[in-house]
Peer 1: 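What follows is a single structure, and I will ask about it in a moment.
Just so we're on the same page: letters track the sequence lines, and every chain starts at 1.
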Amino acid sequence: MELALSGGTLPSPHEAVVFQTVSDGAILLHTREEVYYGLNAVAVRIWQLLPESSDLDDLCSRLGAEYPDVEPAMLRDDVTELLADLQRSGLVVPRE
Amino acid sequence: MSVRAAGRDATPRRRDLRSAPSDPAPAPGAEPAPTAAPAPVAAGRVSLLRAQWYLLRARVSVLITPRGRLLAEPPARRGIAGAESTAMGIWRAQHAARIIDRAARFWPMTPTCLMRTIALERLLRRDGVVGAVVRIGVRVRGARPQMHAWLEIGGVAIGDPAEVTATFTPLHDFTAARDA
């Protein structure tokens, strides 16, 4: 699974994406692409940490602090995979 | 909680807004969603044919319009000049919605909520009823989110019972883009 994380740089949420929490997760609605995307509780945390994290290491470190029982390598794989999915769907764009 | 579950639970992943069903199905074992009472509607043959025409155009639009061109951002609040015009617009819109629903019964396939809403919005716009927005909302039934589209004027749901639309959390407002 490839993700354009050059130097661990994180993408940013697309400006046309609406985020709305629902029970046990959240919905992302891309208002231009007319698609929506379901996030579970962990993915919601990743989405929320995205703007405030400086890079992938920082995001994984913050998330790891909330889920100390998870292997760091597995956590990083999951974050990378989720961000790749979001990028493929146009929900995030490269950070300027 | 395993992070491995991130984005991979029963929640559907990428879904197309255009495939949202006509009437959101209730969760298994749940009470069925209340439906609009079959209010009598005085609709002549011309009105029904016109409603069918708008439904057909909405269906074609949903099928062939490129992504990003079916729905548009609503203009800045402009249309409704005052309470009286709002009330009149809502009354006319509710009447038109009943005609659209009646026309849809003669269709070989049930139009989706988005088709029905687009048809109604365009018909009202053509008739000079302004201020209508296509509202997209979400609710969770069971483990799955359900998306729904409906029309609102001045905060009043048109064609859908308020007790049903109240179960959805609004996500975004659109207008139907003009069709070709």
Side-chain angles (χ1 to χ4, degrees), chain A residues 1 14-50 59-60 62-91, chain B residues 1-20 24 27 61-74 112-115 117-118 133-149 167-177:
Chain A
M1 188 129 336
H14 193 290
E15 61 178 7
V17 173
V18 176
F19 171 87
Q20 175 65 51
T21 55
V22 293
S23 59
D24 298 330
I27 296 291
L28 299 176
L29 172 67
H30 198 310
T31 61
R32 290 184 199 153
E33 293 295 316
E34 300 163 13
V35 295
Y36 60 99
Y37 197 94
L39 300 179
N40 70 5
V42 184
V44 168
R45 278 307 292 146
I46 295 171
W47 180 265
Q48 290 169 333
L49 288 169
L50 201 52
L59 194 158
C60 292
R62 291 166 185 255
L63 195 63
E66 298 180 22
Y67 300 99
D69 55 328
V70 179
E71 287 280 329
M74 178 185 284
L75 188 145
R76 191 181 181 92
D77 283 351
D78 282 352
V79 170
T80 306
E81 185 176 340
L82 178 68
L83 293 179
D85 268 0
L86 296 175
Q87 196 170 50
R88 271 194 298 274
S89 297
L91 297 161
Chain B
M1 175 177 284
S2 166
V3 177
R4 179 58 76 178
R8 266 198 239 125
D9 58 3
T11 304
R13 303 301 293 272
R14 190 177 195 275
R15 284 286 197 85
D16 195 330
L17 199 57
R18 300 187 189 193
S19 64
S61 293
V62 166
L63 291 176
I64 69 170
T65 305
R67 285 191 184 284
R69 295 195 182 169
L70 182 65
L71 300 169
E73 293 295 318
T112 65
C113 57
L114 188 60
M115 289 176 194
T117 304
I118 287 174
V133 294
V134 177
R135 178 157 285 185
I136 305 293
V138 63
R139 73 178 179 187
V140 176
R141 287 291 185 269
R144 290 182 171 274
Q146 296 176 345
M147 303 293 273
H148 187 46
T167 64
F168 288 87
T169 302
L171 281 174
H172 199 67
D173 290 344
F174 297 96
T175 60

Peer 1: So A:Val22 and B:Pro145, do their side chains get closer than 4.5 Å, heavy atoms only?
Peer 2: no

Peer 1: Drop me the distance from A:Leu29's CG to B:His172's NE2, to the nearest 0.5 angstrom.
Peer 2: 7.5 Å

Peer 1: Should we say atom CD of A:Glu71 is surrounded by more than 12 heavy atoms from elsewhere, each under 6.0 Å from it?
Peer 2: no

Peer 1: Out of curiosity, A:Leu28 CG to B:Leu171 CG, how far, rounded to the nearest 0.5 Å?
Peer 2: 9.5 Å

Peer 1: Out of A:Val18, A:Leu91, A:Val44, A:Leu86, return the one with the most heavy atom pairs under 4.5 angstrom to chain B.
Peer 2: A:Val18

Peer 1: Hey, could you give me the OG1/CD distance between B:Thr65 and A:Glu34, rounded to the nearest 0.5 Å?
Peer 2: 8.5 Å

Peer 1: Indicate yes or no for a side-chain donor-acceptor contact from B:Arg67 to the backbone of A:Glu33 under 3.5 Å, with no hydrogens or angles considered.
Peer 2: yes

